Novice: 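I'd like to ask you about the structure that follows.
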Amino acid sequence: MTRQLLLWSLWAAALAALAVGNLVPSAAAMRLRPSRRNRMEEALFSWLRPLPGAWPARQRWLAGAAVGVAVVVWGWDFGPVVAVAGAGLAAVTAIVLGRLERGQERARRIRLCRQAPSGLEAMAACLDAGLPLRQAVAVVAKLSPPDLAGSLRVVVSGIGVGLSDAEAWRGLADNPVLGTVARDVARATDW
């Protein structure tokens with residue numbers, strides 16, 4: 001009876017941790033803040049770094065913890081080796097989930113790859129016509145297809161709330177398609 005109670009309490013704790021992790025606001029709630037990569041993520045090898053469209057870190061590690069708890073619960077009779085295996089499997093699960101890109105994110109990235117060249121050409125045309133960068137971005141964001149417009153609206157919204165041009169462009173620094181352009185524009189506006 002005691003072992004069964006322990007197993008059920010471990011499962012309840014794992015499910016409660018998953019529920020609490022999903023109730024906490026995600027990074028999407030803080031879109032206007034310039035993104036700052038975790039220093040630990042920067043130090044990791046490229047194959048360990050999570051993809052931009054992967055699950056958020058909190059959900060990945062909670063899922064990994066649930067897998068680790070499940071391994072410990074099911075292999076309880078094998079002794080302390082199972083605890084080490086559960087911890088290792090938890091880390092592997094979190095890393096693998098970070099390398100998987102969600103289908104909708106992949107489709108969005110592909111659409112953005114197709115839309116970016118024409119949008120950047122339109123922005124260059126606006127700048128050649130004499131529009132300031134702020135207005136050029138706003139015009140292109142209005143006239144662009146939804147995926148490109150959504151990315152450019154991050155910059156327009158950042159400028160609208162008082163960020164400098166460079167800070168607003170740094171909001172797109174982690175974008176898999178426009179990240180390089182955003183970093184270059186931010187660097188250029190700092191000059």
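Residue indices begin at 1 and follow the sequence shown. Note that this is a predicted model, so its numbers are computed, not measured.
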Novice: Rounded to the nearest 0.5 Å, how far does CG of L100 lie from CD1 of I95?
Specialist: 12.0 Å
Novice: If you compare all heavy atoms of A173 against all heavy atoms of A182, which two are closest, and at what distance to 0.1 Å?
Specialist: N-CB, 4.2 Å
Novice: Quick check: does any side chain N or O of S157 sit under 3.5 Å from a backbone N or O of V154, one acting as donor and the other as acceptor?
Specialist: no
Novice: Shared ILVMFWY cluster between W61 and L89, side chains joined below 4.5 angstrom?
Specialist: no
Novice: Say you draw a straight line from OG of S144 to CG of L152; how long is it, rounded to the nearest 0.5 Å?
Specialist: 5.5 Å
Novice: Rounded to the nearest 0.5 Å, what separates atom CZ in R183 from atom CG in N175?
Specialist: 9.5 Å
Novice: CG of L62 to CG of L97: how many Å apart, nearest 0.5 Å?
Specialist: 11.0 Å
Novice: Step by step, work out the side chain to side chain contact (heavy atoms under 4.5 Å, CB included) result for L172 and S151.
Specialist: CA-CA 7 Å; L172 286 179; S151 295; 4.2 Å; yes
Novice: Ignoring hydrogens and angles, write down the donor-acceptor pairs under 3.5 Å from the side chains of residues 113-142, residues two or more places apart or on other chains.
Specialist:
unit_1: Q115; atom_1: OE1; unit_2: L148; atom_2: N; d: 3.0
unit_1: S118; atom_1: OG; unit_2: Q115; atom_2: O; d: 3.1
unit_1: R134; atom_1: NE; unit_2: D165; atom_2: OD1; d: 2.7
unit_1: R134; atom_1: NH2; unit_2: D165; atom_2: OD1; d: 3.3

Novice: Rounded to the nearest 0.5 Å, what's the gap from CZ on R109 to CG on L178? Could you check?
Specialist: 12.5 Å
